[in-house]
2 protein chains.
Amino acid sequence: MSEKVFVSAKEVADRAGVSRSAVSRTFTPGASVSAETRRRVLEAAEALGYHVNELARGLMRNESGIVCLIVSDVATPYRSALLRELTLLLQKAGKVAMLINTDRSDGSVDRALRQAIRYRADASIILSGMPDRSIAQLCLRSGQRLVLINRDDEQPGPLRINLDDYEAAGRVVTAFVRAGCRKLAFANSEVGTPSLMARERGFVAAANALGMEVSVERYGWTGYDAGKVLAQRMLTHTQRPDAVFCATDLLACGFMDAARHQFSMSVPDQLCIAGFDDIEQASWSSYNLTTFAQPVSAIAFKTVDWLSRPRAENDDAIHGQSIGLHAELVWRGSIRGG
Amino acid sequence: MSEKVFVSAKEVADRAGVSRSAVSRTFTPGASVSAETRRRVLEAAEALGYHVNELARGLMRNESGIVCLIVSDVATPYRSALLRELTLLLQKAGKVAMLINTDRSDGSVDRALRQAIRYRADASIILSGMPDRSIAQLCLRSGQRLVLINRDDEQPGPLRINLDDYEAAGRVVTAFVRAGCRKLAFANSEVGTPSLMARERGFVAAANALGMEVSVERYGWTGYDAGKVLAQRMLTHTQRPDAVFCATDLLACGFMDAARHQFSMSVPDQLCIAGFDDIEQASWSSYNLTTFAQPVSAIAFKTVDWLSRPRAENDDAIHGQSIGLHAELVWRGSIRGG
DNA sequence: CTTGCAACTGCACACGAGTGCAACAAAAGC
DNA sequence: GCTTTTGTTGCACTCGTGTGCAGTTGCAAG
């Protein structure tokens with residue numbers, strides 16, 4: 001029955017006794033309006049409950065103010081933390097976030113990007129999955145900006161933000177050795193994300209350089225349950241490891257719980273554990289996990305900063321920029337010493 | 001330099017050798033186009049990389065397809081789980097989610113709703129905070145739909161979804177008594193959300209009805225750290241409680257960790273604990289927390305279902321609908337017996 | 001062949017805003 | 001008093017799409 005009846009600039013103009021242009025100008029920063037006209041317009045707008053139609057404005061300006069966040073597994077601690085940081089900064093920058101949930105299939109990222117194009121988003125930020133090359137190119141050709149976070153891709157065009165996963169994984173070997181550990185293990189998931197694999201390779205390489213073998217196991221998705229299963233597999237071996245680097249904090253929490261409650265092992269006395277991400281739960285006293293911190297604030301800052309910068313500056317680097325960030329090791333109680 | 005250059009229906013029409021209307025109709029379900037025309041249009045659209053401009057379409061149809069999610073503390077387990085569920089269902093319903101982060105000030109919810117109006121959102125879903133009455137009315141007058149989740153407000157117009165917090169809190173008293181507990185306590189935060197307060201009142205009332213006193217403490221925000229502080233306060237009393245109902249799972253996790261690691265108490269032998277929300281961590285074996293499950297899927301389903309239903313049906317109930325959902329008690333190991 | 005009907009197509013207008021341009025008024029300068 | 005300057009204002013066009021209406025086409029029935 002009562003269809004949508006938004007009040008338009010025309011109505012405000014009529015009530016204020018000015019032209020529609022005057023209304024438009026009062027709401028456009030930097031336009032020329034006399035103080036008196038402005039006052040009358042604002043008064044009428046307030047009385048009528050007028051709000052600029054961003055759809056129409058976006059149509060004219062060819063700039064919607066929308067930024068698409070393309071994410072899978074939003075409910076995961078690390079993802080949601082990054083999401084919070086990004087939305088906060090985007091809002092401060094005068095943008096608004098459009099959230100698109102993807103599953104783990106590749107097609108869903110493509111669908112998300114199509115959605116972003118349809119809404120004429122100013123930019124898309126991809127936190128999960130990889131877009132098809134042709135779609136990504138289409139976005140770039142349309143003048144949409146693209147940011148890939150922790151996706152280690154070589155496509156030219158988008159801004160790519162990555163951590164020093166490989167190098168960080170090396171540092172944890174040092175920490176384990178210093179704690180007196182000799183039988184190293186790496187617990188990974190099967191998803192094979194570039195950053196996860198980089199951690200694995202970095203860990204193995206650093207251990208090998210010291211003449212040590214690493215037993216690697218991969219299972220399931222990168223969550224708590226997978227960590228438990230990995231522990232069950234790796235701790236029933238005749239040769240139990242005395243140090244495990246888990247590709248993710250969630251894996252580490254699951255691993256630690258299984259080690260303690262199912263195998264009655266004490267951490268860090270009989271088993272040292274390290275994780276990656278520094279999710280909130282890592283600091284909870286039941287886990288007290290030594291781990292690498294994802295610099296979420298820095299990631300979000302770099303992203304939004306790049307997006308708010310005028311276009312021309314970026315175009316200098318035709319091949320798109322690549323930003324490397326450092327993952328700091330947060331010392332807690334799951335590795336001896338320190 | 002390279003400004004945004006999206007391809008428009010006009011260009012597709014030229015290339016396909018048809019009128020622009022034909023293009024429009026091809027992308028409008030239920031419009032009348034011959035198979036041949038449709039084919040040529042689709043072919044041209046594919047070749048040019050055409051995508052409908054939802055901004056313009058929304059302008060015409062007066063229906064943007066956008067639904068605003070207004071949330072604070074997105075990174076919190078319960079909130080992010082609800083967020084995931086909502087975005088997934090909205091996408092399935094052909095809508096798209098616009099995420100607006102609020103801080104805990106009231107004004108920020110109002111600002112968010114203004115944003116929603118400016119983007120002509122079809123609906124706004126409020127998960128945190130309370131909008132000012134006048135703004136809410138403005139939204140409703142504009143034909144925007146409003147959903148309040150766990151906000152227990154009496155405003156007419158919006159759909160209100162609430163849990164049986166009060167009654168649920170009573171059930172936990174029964175469970176504590178059955179476990180042999182006699183000194184009951186309630187750990188709450190200071191934020192005073194209607195649902196949190198309902199849990200407190202329900203718990204106290206049910207205990208009183210059985211002739212038992214409840215010691216109530218309130219502190220800080222509703223997170224893990226607050227739970228720890230609450231434990232430090234409540235467990236240093238000369239009269240230690242032997243059962244605590246925490247208003248939130250996060251509080252419960254903090255409380256439990258402090259009880260175990262700082263006061264060396266064993267749960268559930270010396271202290272029974274219950275929480276509320278059933279966040280993922282509640283099921284982790286370090287906590288194994290008995291708690292009430294937020295029916296996130298049901299909440300999301302009811303919400304999206306209401307939004308996709310045609311307007312007329314809802315208008316029958318002038319005062320807006322109110323949906324009550326049941327919080328199921330999930331039995332785990334933090335209460336003896338069961 | 002004419003007529004009727006249905007399916008399709010295109011014109012033209014609408015949606016709500018921004019903006020270049022010209023008209024205009026007031027103030028300043030001489 | 002006249003000219004120049006400065007600041008406002010309104011007209012009219014633009015953005016990309018949906019849609020009512022009228023016109024065209026094709027086909028089958030009379």
Side-chain angles (χ1 to χ4, degrees), chain A residues 3-42 44-45 48-66 117-122 142-144, chain B residues 3-42 44-45 48-66 117-122 142-144:
Chain A
E3 265 315 297
K4 294 206 197 175
V5 214
F6 289 96
V7 23
S8 77
K10 176 82 169 55
E11 305 172 45
V12 177
D14 289 349
R15 174 160 180 141
V18 298
S19 81
R20 203 187 50 69
S21 313
V23 180
S24 183
R25 283 191 248 263
T26 17
F27 290 99
T28 306
S32 159
V33 211
S34 75
E36 169 61 10
T37 310
R38 168 180 225 89
R39 195 189 57 71
R40 295 174 59 184
V41 168
L42 288 178
L48 266 50
Y50 170 74
H51 292 258
V52 175
N53 186 335
E54 294 286 350
L55 268 48
R57 172 179 276 178
L59 185 56
M60 261 303 296
R61 292 222 180 122
N62 209 9
E63 184 175 321
S64 60
I66 297 175
I117 295 184
R118 291 213 310 274
Y119 277 95
R120 299 301 188 259
D122 297 341
S142 309
Q144 185 177 124
Chain B
E3 266 314 299
K4 295 205 196 176
V5 218
F6 289 97
V7 22
S8 75
K10 177 80 169 55
E11 306 172 46
V12 178
D14 288 350
R15 174 162 179 139
V18 298
S19 81
R20 203 188 48 71
S21 310
V23 180
S24 182
R25 284 190 247 264
T26 329
F27 290 99
T28 306
S32 158
V33 210
S34 76
E36 170 61 9
T37 309
R38 166 179 228 90
R39 195 191 56 72
R40 295 174 60 185
V41 168
L42 287 178
L48 265 49
Y50 169 75
H51 291 260
V52 175
N53 186 333
E54 293 286 348
L55 268 46
R57 174 179 271 182
L59 186 56
M60 262 304 297
R61 291 217 180 131
N62 207 8
E63 184 173 324
S64 60
I66 297 176
I117 294 184
R118 292 213 310 274
Y119 276 95
R120 299 302 189 258
D122 297 342
S142 309
Q144 186 177 122

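Just so it is clear: chains get the letters A, B, ... in the order the sequence lines come, proteins before strands, and each one is counted from 1.
- The list of salt bridge (Lys or Arg N to Asp or Glu O under 4.0 Å) pairs with a residue in residues 33-42 of chain A, not counting sequence neighbours, reads Glu36(A)-Arg39(A), Arg39(A)-Glu43(A).
- In the 5' to 3' direction, nucleotides of DNA chain D lying under 4.0 Å from heavy atoms of chain B begin and end at dG16(D) to dG20(D).
- Listed by first and then second residue, the side chain to side chain donor-acceptor pair (under 3.5 Å) pairs that reach into residues 10-20 of chain A are Lys10(A)-Asp14(A), sequence neighbours excluded.
- A residue-by-residue look at Ala22(B) and Ser21(A) shows that Ala22(B) has its nearest nucleotide of DNA chain C further toward the 5' end.
- Going from atom OG of Ser142(B) over to atom CD1 of Ile117(B) covers 4.5 Å, rounded to the nearest 0.5 Å.
- Note that OG of Ser32(A) and CZ of Arg25(A) are 7.0 Å apart. Values are rounded to the nearest 0.5 Å.
- Mapping Ser34(A) and Arg20(A) onto DNA chain D by nearest heavy atom places Ser34(A) at the nucleotide closer to the 5' end.
- With contacts defined as side-chain heavy-atom distances shorter than 4.5 Å, the pair Ser8(A)/Asn53(A) does not qualify.
- No side-chain heavy atom of Val12(A) sits less than 4.5 Å from a side-chain heavy atom of Phe27(A).
- The outermost nucleotides of DNA chain C lying under 4.0 Å from heavy atoms of chain B, listed 5' to 3', are dC8(C) to dG16(C).
- Ring to ring, Tyr50(B) and Phe6(B) are not that close: their centroids are 6.0 angstrom or more apart.
- The terminal axes of the helix from dC1(C)-dG30(D) to dC30(C)-dG1(D), fitted over 5 pairs per end, subtend an angle of 50° to the nearest 10°.
- Residues Thr37(B) and Thr26(B) are not in side-chain contact: their nearest non-hydrogen atoms beyond the backbone lie 4.5 Å or more apart.
- At the heavy-atom level, Thr28(A) lies under 4.0 Å from the strands shown only through sugar-phosphate atoms.
- A distance-only check finds a donor-acceptor pair linking the side chain of Asp122(B) to the backbone of Gly65(B) [under 3.5 Å].
- For the atom pair CZ of Arg118(B) and NE2 of His51(A), the computed distance is 8.5 Å after rounding to the nearest 0.5 Å.
- Between Ile66(A) atom CD1 and Arg120(A) atom CZ the span is 11.0 Å, to the nearest 0.5 Å.
- Taken to the nearest 0.5 Å, the OG atom of Ser24(B) stands 8.5 Å off from the CE atom of Met60(B).
- Of the residues in residues 50-60 of chain A, Leu59(A), Met60(A) come within less than 4.0 Å of DNA chain D through at least one heavy atom, sorted by number.
- From Gln144(B), atom CD reaches atom OH of Tyr119(B) across 14.0 Å, with rounding to the nearest 0.5 Å.
- Looking at heavy-atom distances under 4.0 Å, Val33(B) makes contact with sugar-phosphate atoms alone, never a base.
- Here Ser8(A) lies in heavy-atom contact (under 4.0 Å) with sugar-phosphate atoms only.
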